[in-house]
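Written below as structure tokens is the structure these notes are about.
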Amino acid sequence: QVQLVESGGGLVQAGGSLRLSCAASGLTFSSRVMGWFRQAPGKEREFVAAITRQYSTYYADSVKGRFTISRDNAKNTVYLQIYNLNSEDTAVYYCAASTSYELPIGTREYDGWGQGTQVTVSS
């Protein structure tokens, strides 16, 4: 029932920017905490950013200052704006939805996931 579809990934030169989007359906979007995770080759899926119902945000230390998460409840869409991309940002980026009242940073705290969008940073 819950469907999350990411878009906006691609091949970008180091130092460049991307804006990822996640369109949600089959859920009450405004009641959900929305998050972004990423998974690089050979690594575990890691938390990137989250935004609450109250528009509070939280970021992993590795992306703080370069990534901005936002949401548009009227469009049922969450975004991840990325600046100054570097090679360590190369990964599949996943959108996720949570019913948690806390600020969830673990994969087990999310019950809806998108299929992912590939971000590749070249030099």
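- Sorted by first then second residue, the disulfide (SG to SG under 2.5 Å) pairs that include residues 24-73, not counting sequence neighbours, number zero.
- Scored by the ring pair (Phe, Tyr, Trp, His ring centres under 6.0 Å) test, F37 finds F47, Y110, W113 as partners (sequence neighbours excluded).
- Residues passing the side-chain hydrogen bond (donor to acceptor under 3.5 Å, both in side chains) test with D89 are R38, R66, sequence neighbours excluded.
- Under the rule for a side-chain hydrogen bond (donor to acceptor under 3.5 Å, both in side chains), the partners of Q54 that lie at least two apart in sequence or sit in another chain are T52.
- E109 and T107 share no donor-acceptor pair across their side chains, judged by distance under 3.5 Å alone.
- By the 6.0 Å contact criterion, CD on Q13 is enclosed, its count of non-hydrogen atoms from other residues, nucleotides or ligands being greater than 12.
- Here N76 contributes atom CG and S25 contributes atom OG; the two are 8.0 Å apart, rounded to the nearest 0.5 Å.
- Under the disulfide (SG to SG under 2.5 Å) criterion, no residue pair touches residues 37-80, with sequence neighbours excluded.
- Side-chain atoms of S98 and D111, non-hydrogen and from C-beta on, never get closer than 4.5 Å to each other.
- Put simply, OG on S30 and CG on D72 are 11.5 Å apart, with the number rounded to the nearest 0.5 Å.
- Grouped with L80 in one hydrophobic cluster are V2, L4, V12, L18, L20, L27, F29, M34, W36, V48, I51, Y55, Y59, V63, F67, I69, V78, I82, L85, Y93, V119, V121, the linkage being side-chain heavy-atom contacts under 4.5 Å among Ile, Leu, Val, Met, Phe, Trp and Tyr residues.
- Applying the disulfide (SG to SG under 2.5 Å) test to every pair with at least one member in residues 88-123, sequence neighbours left out, gives these pairs: C22-C95.
- In this structure, Y101 stands alone, with no Ile, Leu, Val, Met, Phe, Trp or Tyr side-chain heavy atom under 4.5 Å from its own, directly or through other members.
- For S7, the side chain to side chain contact (heavy atoms under 4.5 Å, CB included) partners two or more places apart in sequence, or in a different chain, are S21.
- In this structure, R53 and R71 approach most closely via the heavy-atom pair N-NH1, 3.9 Å.
- With E6 contributing its side chain and G116 its backbone, the two residues share a donor-acceptor pair below 3.5 Å.
- Taking all atoms of both residues into account, the shortest heavy-atom contact from A50 to V33 is CB-CG1, 4.4 Å.
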Could you walk me through whether T90 and E88 satisfy the side-chain hydrogen bond (donor to acceptor under 3.5 Å, both in side chains) test, starting with their C-alpha distance in whole Å, then the side-chain angles of each, then the deciding distance to 0.1 Å, before giving a yes or no? CA-CA 5 Å; T90 294; E88 286 71 47; over 6 Å; no
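- With sequence neighbours left out, the side-chain hydrogen bond (donor to acceptor under 3.5 Å, both in side chains) criterion links Q81 to no other residue.
- Pairs engaging residues 53-84 under the disulfide (SG to SG under 2.5 Å) rule: none recorded [sequence neighbours left out].
- For K43, there are no side-chain hydrogen bond (donor to acceptor under 3.5 Å, both in side chains) partners at least two apart in sequence or on another chain.
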